Each structure stands twice: as structure tokens, then as C-alpha cells.
Amino acid sequence: MLTIQEIRNNPDELIRRLSIKNFRAEDLVQKAIQSDQARRDNQTELDQTLNELNQLSKDIGRLFKEGKTDEANQAKDRTTFLKERSKELNQRAGEIEQELQNILVEIPNLPHDSVPPGKSESDNLTIRSGGTQPTLIDNALPHWDLAKKYDLIDFDLGTKLTGAGFPVYKGKGAKLQRALINFFLDEAEKAGFLEVQPPILVNEDSGFGTGQLPDKEGQMYHVGLDKLYLVPTAEVPVTNMYRDVILQAKDFPIKNTAYTPCFRREAGSYGKDVRGLNRLHQFDKVEIVCITHPKESYALLDEMVQYVESLIQQLNLPYRILQLCGGDLSFTSALTFDFEVYSAAQERWLEVSSVSNFESYQANRLKLRFKEDGEKKTQLAHTLNGSALALPRIMAALLENNQTEHGIEVPKALQKYLAFDFID
RNA sequence: GGAGAAAUGGCAGAGUGGUCGAAUGCGGCGGUCUUGAAAACCGUUGACCUUCACGGGUCCGGGGGUUCGAAUCCCUCUUUCUCCGCCA
């Protein structure tokens with residue numbers, strides 16, 4: 001969330017920038033400022049009351065010691081009143097703070113200056129593209145048919161075990177998954193990311209820290225008995241490692257990578273969007289998560305974009321990189337680049353990665369701060385993350401684009417992870 | 001799952017009702033000394049809210065209570081450790 005200082009400092013500019021996201025912030029901003037003023041007035045009075053109370057308590061102790069019982073008892077009467085008052089003020093403080101918090105979490109992050117206006121994904125800017133779209137054989141098959149033909153993925157079996165969107169990978173299909181995970185992790189390590197293996201169930205605090213809670217609760221699987229959530233992305237546990245942490249500027253940049261299965265309820269999805277591997281409830285993903293100095297975060301975003309691009313290039317897939325327009329930008333992001341690969345048999349682009357700079361928006365919720373070397377004051381860090389990469393759609397494109405009359409060719413980059421270079 | 005013990009600053013560890021935001025040691029930072037370093041010595045060293053500032057307030061695992069006053073007493077939750085049970 002935004003800090004109240006950001007809102008207070010220049011509300012008109014803030015409202016203007018949020019309009020790029022097609023968000024009308026006037027009312028919320030006004031409410032936030034009012035609420036903040038009330039909070040501070042209340043706090044001032046509370047502090048004064050407590051100050052008098054503390055002073056009085058010390059005096060009482062001293063008076064009793066000196067044997068001045070009457071004076072002490074007199075002072076006690078005053079404390080009764082002050083205690084009552086401080087209790088009221090304290091309760092009010094809690095209420096106002098909650099109220100302010102509720103307002104702040106409803107205000108999205110400010111878009112970066114470069115973000116183009118726009119309503120939907122059709123207004124996204126194509127930054128660049130690469131790779132070549134393959135010329136497919138006659139009677140080329142979509143990946144779900146290929147998966148069946150070569151017995152790589154059994155969607156029906158997954159439905160039997162769990163439900164739709166939980167496929168069973170078999171034989172070379174399973175091995176291909178494993179190869180992709182290893183490939184992505186090894187590449188990340190080469191690029192300077194530290195590999196971590198986080199839990200894939202998280203508590204409420206973590207869900208709140210990265211913003212899945214409270215608003216997107218319905219998108220996560222919930223283990224009610226233990227109040228835990230299955231992670232929708234490794235971003236959640238990995239970013240939350242730094243919740244309530246104060247870093248040193250010299251530690252930057254922090255670059256982590258993690259492989260986890262991801263679980264998403266995907267309520268409301270339907271049709272061709274969910275066919276085959278296009279949208280699953282459980283899928284594998286390698287995520288990259290970075291934390292850095294506000295001055296460095298956009299350079300790091302570029303580095304992350306280049307890194308993700310290099311992965312797709314090595315897999316030899318046709319791709320394009322989009323800069324999201326204001327209307328398509330997520331609630332928490334300041335700037336996002338989406339990566340899409342071309343799935344040749346489906347003849348459609350599939351999103352395989354989304355790389356974002358959240359600036360200090362997440363960090364404020366997380367209380368993720370840092371200190372400049374030698375400085376006392378803490379500041380909010382910048383957080384960034386991206387998929388590198390999500391497996392299912394990569395798999396879909398690989399299967400479709402590399403199909404031949406006799407089977408499916410395995411891209412060179414993956415061959416060292418596999419005992420085969422051809423699927424037939 | 002059963003029984004017991006514990007949770008204090010970056011770490012270790014005192015503190016059992018007022019003088020405690022908290023002894024002491026280590027670590028960190030600054031200085032003296034030194035050609036330089038080490039040692040020694042001196043000083044300094046948590047976070048948050050509020051204020052232009054002075055200052056004020058909050059925080060001793062979380063929450064609640066007793067009291068004029070709580071790190072200290074009570075309740076509760078969480079976590080950790082030890083023993084037993086179970087177990088990849």
C-alpha cells in the first residue's frame with residue numbers, strides 16, 4: 001500500500017497518476033487525509049494524557065516514600081480520570097487506525113511515468129519480439145492431443161484423482177517437467193539468484209504481506225482447519241521472508257529464486273482459455289524475487305526482463321514482450337512487462353511470465369526497510385518479481401512448435417537434463 | 001499426541017512491583033595510541049509514532065487483566081527446548 005505521507009504530500013498529482021490506471025481516487029484520498037488528521041490529533045491528546053499519568057505515577061511513588069500519604073492519595077484521584085480518558089483515546093486510536101488501513105489498502109499503486117494509458121490488454125505496448133514462428137506440418141495437433149498421442153500428460157486421470165486442472169504428467173512428460181525446472185533454476189543461479197525452497201503453505205500474515213489477503217482470498221486454496229493457504233506463487237513465501245526486516249543498503253541487490261508448485265482456484269475461468277495446459281489449478285513455476293534500493297530498482301527490472309528473455313531464447317520459442325497499459329496493470333504494480341510465447345498449433349499467444357516493479361508498495365505492507373550505510377533513518381525498499389518461468393504454457397508451446405511427422409523434438413538447452421532428445 | 005521448562009536489545013545474559021528502554025560481556029561504529037595493524041584504553045551503539053524544533057509517547061514473544069505504577073503478578077495464545085510416544 002501507499003504510505004500516508006505519499007498521499008498527504010501531493011494528493012492532486014496522486015489522483016492524476018491513478019487515473020492512468022482508470023482508478024478514481026478522489027474520495028479515498030480525501031477520506032485518507034481526514035482520517036490521518038484525526039489519527040494524529042487523537043495521538044497527540046493520548047500522548048499528553050499518558051505523559052501526565054506517567055509523571056503522576058512517579059510522584060505518587062515518591063510521595064509514599066516521603067510519607068506524604070494525603071498528597072499521594074490526592075494525586076491518585078487525578079489518575080483515575082486520566083486512566084479513563086487514556087482508555088477512550090486508545091480505543092479510538094485503534095478504530096481510526098483500522099479505518100485508515102482499510103482506506104489505504106483500497107488505493108492501488110501508482111503507475112510508473114512510462115505506463116501508457118489504456119483500458120484492456122489490447123492497449124498494451126509490444127516492446128519487442130523475437131524467435132521465429134515455425135511452419136507446422138500438415139495436420140499439426142494442439143498440445144492436448146499431442147500429450148495424449150505420446151502419453152505425456154493425462155488430464156482425465158487428474159480429474160479422477162482431484163478435479164479438472166490437475167493433470168498427471170507421465171513418462172517423458174514428467175521428465176520434461178523436471179528438466180525445465182532444473183534448467184530454470186540452474187540458469188537463475190548463473191545469473192546470480194540465490195535458490196531457496198520455501199514452504200508452499202503460508203499463514204494469514206504472509207497472505208496479507210504480499211496482498212493476496214484480504215481482497216483476493218477467493219483465489220487461494222485454504223486449509224481451514226489450520227488457517228493456512230496454498231501458495232498461488234512462490235512470490236508469497238519468498239517475499240515474506242523479508243517481512244518486518246530491516247536490511248542494510250550494502251546488502252542490495254537481493255536476488256532470490258524458488259521453484260514451487262502453485263495453486264490457484266481460478267474461479268470464473270472457462271472455455272478455450274482453460275483447455276489443456278492453458279490454465280491449471282496446480283502448476284509448476286520458478287520465480288525470481290528481488291529487493292533493492294529505490295534508486296536501482298528500474299535498472300534491476302531491466303536486468304530481470306533481459307534474463308527472462310534469455311530463457312525463452314534458449315528454448316527457441318517465438319515470443320513478444322509487452323508493456324502493460326494502465327488498465328491492465330495489476331493493483332500493486334508500478335510497471336509490468338508480460339512475456340508471451342506463440343503456441344503455434346493453437347495459433348495464439350500465451351502469457352508465460354510477468355515481471356514487475358512494485359516500488360515500495362509491497363514493502364510498506366511488509367514493513368521491509370533498509371538503512372543507508374551509516375544512517376540511522378530507515379526507508380522502504382523496492383521489491384520486484386517475475387516468473388522465470390511458468391511451466392505449463394512453455395510446455396504447451398514446446399510440444400506444439402516442435403512437432404514433426406515422427407515425434408517431438410526436444411530443444412537443445414534441455415537435452416543435457418534428459419536421456420532423450422526426441423519424443424515418439 | 002502426553003509431561004515439563006523457557007521466551008529480555010545484533011548475539012550472550014542480568015533484572016521478580018516505582019529510581020528499567022533495561023546491568024554486564026561480545027559484536028558493530030568513532031576516537032586515543034601506532035609507520036600500519038593487533039592489543040589496550042575512552043566514547044558510542046534498537047525500532048516505531050508525533051513535532052519545524054525542543055520535547056512527548058509506545059515497544060522486554062502476541063493479546064488481555066490486576067495496580068496510582070508491570071520486563072517483574074494473573075489469564076490466554078504462539079513459538080522454542082527437554083523427556084516420552086509416533087514417524088519419512
Side-chain angles (χ1 to χ4, degrees), chain A residues 1-10 32-104 197-209 213 223-229 237 240-252 254 261 360 363-381:
Chain A
M1 58 191 186
L2 298 174
T3 62
I4 186 67
Q5 289 83 356
E6 286 173 283
I7 294 170
R8 228 191 293 150
N9 282 345
N10 197 344
I33 291 173
Q34 275 172 6
S35 182
D36 178 55
Q37 191 56 52
R39 182 183 123 262
R40 287 192 287 167
D41 292 346
N42 189 76
Q43 185 70 43
T44 306
E45 194 184 342
L46 177 59
D47 284 356
Q48 283 165 357
T49 308
L50 288 174
N51 178 229
E52 192 181 344
L53 198 55
N54 287 342
Q55 211 51 54
L56 229 41
S57 293
K58 278 182 189 162
D59 290 346
I60 289 169
R62 189 172 43 78
L63 289 169
F64 273 126
K65 253 179 205 161
E66 291 169 3
K68 299 176 180 168
T69 322
D70 288 349
E71 279 182 60
N73 283 326
Q74 219 171 345
K76 268 187 169 185
D77 291 343
R78 173 76 181 154
T79 63
T80 312
F81 166 75
L82 289 172
K83 265 178 75 169
E84 198 51 48
R85 184 71 187 135
S86 74
K87 211 171 194 172
E88 285 166 27
L89 289 166
N90 208 9
Q91 196 186 343
R92 180 84 188 110
E95 287 164 12
I96 299 175
E97 231 154 86
Q98 189 56 54
E99 179 188 301
L100 180 57
Q101 178 83 359
N102 290 345
I103 296 166
L104 289 179
Q197 232 182 69
I200 56 178
L201 275 86
V202 293
N203 59 27
E204 283 179 341
D205 285 347
S206 295
F208 186 82
L213 295 177
V223 183
L225 201 55
D226 297 295
K227 292 189 188 149
L228 297 173
Y229 294 85
N240 272 284
M241 297 196 304
Y242 299 92
R243 169 156 47 87
D244 285 318
V245 167
I246 298 172
L247 297 161
Q248 296 296 323
K250 65 174 157 51
D251 297 332
F252 290 146
I254 289 175
S360 59
N364 187 34
R365 256 195 195 214
L366 290 162
K367 292 199 169 62
L368 163 52
R369 291 159 297 177
F370 73 98
K371 281 187 198 173
E372 219 60 85
D373 297 343
E375 295 269 322
K376 248 185 119 96
K377 199 79 191 141
T378 58
Q379 321 176 37
L380 292 170

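Naming: A, B, ... by sequence-line order, numbering from 1 per chain. Side chains included, hydrogens not; waters and symmetry mates left out as well; all remaining heavy atoms used. Note that the structure is predicted; figures quoted are calculated from it, not measured.
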Q: For the backbone of E6(A) and the side chain of T3(A), can you confirm whether one donor and one acceptor N or O come within less than 3.5 Å of each other?
A: yes
Q: Both distances below 3.5 Å, Watson-Crick or wobble geometry, any strand: find the nucleotide opposite A37(B).
A: none
Q: For N90(A) and G63(B), give me the distance from atom CG to atom P, rounded to whole Å.
A: 11 Å
Q: Quick one: on RNA chain B, does K87(A) or Q55(A) contact a more 5' nucleotide (nearest heavy atom)?
A: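 It is Q55(A) whose nearest nucleotide is closer to the 5' end.
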Q: Suppose you measure atom C1' in A70(B) against the same atom in C59(B); what distance do you get, rounded to whole Å?
A: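 Rounded to whole Å, the distance is 14 Å.
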Q: Touch check for T79(A), heavy atoms < 4.0 angstrom, all strands: base, sugar-phosphate only, or nothing?
A: sugar-phosphate
Q: Rounded to the Å, how far apart are E204(A) CD and G62(B) P?
A: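 To the nearest whole Å, that distance equals 19 Å.
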Q: Give I60(A) one of three labels, base, sugar-phosphate or nothing, depending on what nucleic acid heavy atoms sit under 4.0 Å from its own.
A: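 Base, at least one base atom sits under 4.0 Å.
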Q: Could you check how far CG of N51(A) sits from C1' of C68(B), rounded to whole Å?
A: 16 Å
Q: What is the distance, to the nearest angstrom, from the CZ atom on R39(A) to the P atom on G57(B)?
A: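 Nearest whole value for this atom pair: 18 Å.
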Q: Now, which nucleotide makes the Watson-Crick or G-U wobble pair with C54(B), with each of the two distances under 3.5 Å?
A: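 Paired with C54(B), as far as the under-3.5 Å criterion goes, is no nucleotide at all.
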Q: Provide the Watson-Crick or G-U wobble partner of A6(B), both distances under 3.5 Å; none if there is no partner.
A: U79(B)
Q: What integer number of Å spans the C1' atoms of G4(B) and G13(B)?
A: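 So the two C1' atoms sit 23 Å from each other.
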Q: Does a side-chain N or O of N54(A) approach OP1 or OP2 of U58(B) to a distance below 4.0 Å, or not?
A: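 Indeed, a polar side-chain atom of N54(A) lies that close.
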Q: Is there a Watson-Crick or G-U wobble partner for G30(B) with both distances under 3.5 Å, and if so, which one is it?
A: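 Answer to the pairing question: C42(B), which forms a Watson-Crick or G-U pair with G30(B).
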Q: With a 4.0 Å cutoff (strictly under), does any side-chain N or O of K83(A) reach OP1 or OP2 of G69(B)?
A: yes
Q: Which nucleotide, in any strand shown, forms a Watson-Crick or G-U wobble pair with A22(B), with both distances under 3.5 Å?
A: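 WC or wobble partner does not exist here.
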Q: Between the side chain of S35(A) and the main-chain N/O of A32(A), is any donor-acceptor distance below 3.5 Å?
A: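 No; judged by distance alone, with no hydrogens or angles, the pair does not exist.
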Q: In whole Å, what is the span from the NZ atom of K58(A) to the C1' atom of C20(B)?
A: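 To the nearest whole Å, that distance equals 10 Å.
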Q: Do the side-chain N or O atoms of N73(A) get closer than 4.0 angstrom to the phosphate oxygens (OP1, OP2) of C68(B)?
A: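 Looking at the OP1 and OP2 atoms of C68(B), neither is under 4.0 Å from any side-chain N or O of N73(A).
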Q: Which part of the nucleic acid, if any, lies within reach of T80(A) when heavy atoms closer than 4.0 Å are counted: base, sugar-phosphate only, or nothing?
A: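 Nothing, no nucleic acid heavy atom in range.
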Q: Quote, to the nearest angstrom, the C1' distance that separates C60(B) from G55(B).
A: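 Each nucleotide's C1' atom is 25 Å from the other's.
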Q: Rounded to whole angstrom, note down the C1' distance from G85(B) over to G2(B).
A: 8 Å
Q: With heavy atoms under 4.0 Å as the rule, sort D77(A) into base, sugar-phosphate or nothing.
A: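 The residue D77(A) makes no contact with any strand.
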Q: Write down the distance between CZ (R369(A)) and C1' (C49(B)), rounded to a whole number of angstrom.
A: 12 Å
Q: Under 4.0 Å, heavy atoms only, any strand: does K76(A) hit a base, just the sugar-phosphate, or nothing?
A: base
Q: Is the shortest side-chain N to carboxylate O distance from E84(A) to K87(A) below 4.0 Å?
A: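 A salt bridge is absent here (no side-chain N lies under 4.0 Å from a carboxylate O).
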Q: Quickly work out the L368(A) CG to A47(B) P distance and round it to whole Å.
A: 16 Å
Q: Kindly say whether Q248(A) contributes a backbone atom to a donor-acceptor pair with the side chain of D251(A) at under 3.5 angstrom?
A: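 Looks like yes, one N/O pair under 3.5 Å.
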Q: Quote, to the nearest angstrom, the C1' distance that separates U78(B) from G25(B).
A: 31 Å
Q: From NZ of K227(A) over to P of C77(B), roughly how many Å is that when rounded to an integer?
A: 12 Å
Q: Using both distances under 3.5 Å as the test, list the Watson-Crick or G-U wobble partner of G1(B), or none.
A: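 With both distances under 3.5 Å, G1(B) matches C84(B).
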